[in-house]
Amino acid sequence: GTTTSRNEKSCWISLWGLTTDKEETGYLGTAIVMSKKILKEMKEDSIHALMTGRAEFGSSLTYFAGAGSTRSGDFSSAEDWNNYLSDFAQRMEAPLVVSISVK
């Protein structure tokens, strides 16, 4: 009963499904978000979802893993979770920069 979603433009892949066989226990979403600079490819088969990235020797590689649940009240559906992932990926690619100057 788990569904896989992915957005290659926003560089995320996600799973969404029931936490148990009882709907009242809620749904859980899990995801990986990568930077566009490092994403190489996304693949999936009947039981696996895979993201690969480019790494350079001596350089760091950053990705984010996360989860969200209907029981938290933050997400009511897979669509809510996937929209959150797209928004997060957009913020990750254009982080807030603060500059302070003294006059």
Side-chain angles (χ1 to χ4, degrees):
T2 301
T3 58
T4 304
S5 300
R6 67 185 192 180
N7 186 317
E8 293 188 37
K9 182 179 175 190
S10 293
C11 303
W12 59 259
I13 195 162
S14 172
L15 298 174
W16 180 266
L18 284 170
T19 57
T20 69
D21 59 350
K22 297 178 180 148
E23 193 165 340
E24 61 269 12
T25 61
Y27 288 79
L28 177 70
T30 60
I32 301 288
V33 181
M34 269 190 195
S35 169
K36 292 177 183 181
K37 297 173 192 171
I38 62 171
L39 178 66
K40 185 175 178 184
E41 65 182 328
M42 293 184 192
K43 292 182 177 183
E44 59 184 283
D45 62 19
S46 62
I47 58 171
H48 297 96
L50 174 70
M51 291 178 81
T52 58
R54 294 177 201 87
E56 292 185 27
F57 184 74
S59 296
S60 64
L61 181 138
T62 302
Y63 66 92
F64 295 87
S69 170
T70 53
R71 293 188 66 166
S72 71
D74 294 328
F75 309 102
S76 62
S77 65
E79 183 180 8
D80 283 350
W81 175 240
N82 293 339
N83 288 337
Y84 170 81
L85 294 172
S86 291
D87 290 344
F88 179 86
Q90 184 177 7
R91 289 190 309 271
M92 185 181 75
E93 292 296 327
L96 176 65
V97 176
V98 177
S99 177
I100 299 173
S101 61
V102 179
K103 292 186 179 183

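Computed from heavy atoms alone, side chains included, the values below leave out hydrogens, waters and symmetry copies. For clarity, every value in this text was computed on a predicted model and none was experimentally measured.
- The two residues Ala89 and Ser10 come nearest to each other via the heavy atoms CB-O, 3.1 Å.
- Note: Tyr27 and Trp16 have parallel aromatic rings, judged against thresholds of 30 and 60 degrees for the angle between ring planes.
- Summarising the geometry, atom CG belonging to Leu85 is positioned 11.0 Å from atom CD1 belonging to Ile13; distances are rounded to the nearest 0.5 Å.
- Closest non-hydrogen pair, Val33 versus Met92, comes out as CG1-CE, 3.8 Å.
- Residue Met42 is not grouped with residue Leu15 when hydrophobic side chains (ILVMFWY) are merged at heavy-atom distances under 4.5 angstrom, including chains of intermediate members.
- Residues Trp81 and Phe88 share a hydrophobic cluster, clusters being chains of Ile/Leu/Val/Met/Phe/Trp/Tyr side chains in contact below 4.5 Å.
- Taken from CG in Leu28 to OG1 in Thr70, the straight-line distance is 8.5 Å, to the nearest 0.5 Å.
- Scanning both residues, Ser76 and Asp80, for their nearest heavy atoms gives OG-OD2, 2.5 Å.
- The structure places NZ of Lys36 at 6.0 Å from SG of Cys11, a figure rounded to the nearest 0.5 Å.
- Residues Leu61 and Phe64 do not share a hydrophobic cluster, defined by chaining ILVMFWY side chains whose heavy atoms lie under 4.5 Å apart.
- Thr20 approaches Thr25 most closely through the heavy-atom pair OG1-OG1, 2.7 Å.
- Looking at Thr19, its side chain does come within 3.5 Å of a backbone N or O of Gly26 through a donor-acceptor pair.
- Note that OG1 of Thr4 is 5.0 Å distant from CD of Glu44, once rounded to the nearest 0.5 Å.
- Atom CD of Glu24 sits in a crowded spot, with more than 12 heavy atoms from other residues, nucleotides or ligands closer than 6.0 Å.
- Contact record, Tyr84 with Arg91: CE1-NH2, 4.2 Å, taken as the closest heavy-atom pair.
- We find the CD-CG distance between Glu41 and Leu50 to be 7.0 Å, quoted to the nearest 0.5 Å.
- Heavy-atom neighbours of Gln90 CD from other residues, nucleotides or ligands within 6.0 Å: at or below the threshold of 12.
- For the atom pair Ser77 OG and Asn82 CG, the distance stands at 8.0 Å (nearest 0.5 Å).
- Salt-bridge annotation for Glu8 and Arg6: present, with a side-chain N of the basic residue lying under 4.0 Å from a carboxylate O of the acidic one.
- Closest approach of Glu23 to Leu18, counting heavy atoms only: CA-CD2, 3.6 Å.
- The local environment of CZ in Arg54 is crowded, with over 12 non-hydrogen atoms from other residues, nucleotides or ligands closer than 6.0 Å.
- Put simply, Ile100 and Leu96 are part of the same group of oily side chains (I, L, V, M, F, W, Y) that touch within less than 4.5 Å, one to the next.
- Annotation: Glu79, atom CD; neighbour count of heavy atoms from other residues, nucleotides and ligands within 6.0 Å does not exceed 12.
- Put simply, the side chain of Ser69 gets close to the backbone of Arg71: a donor and an acceptor are under 3.5 Å apart.
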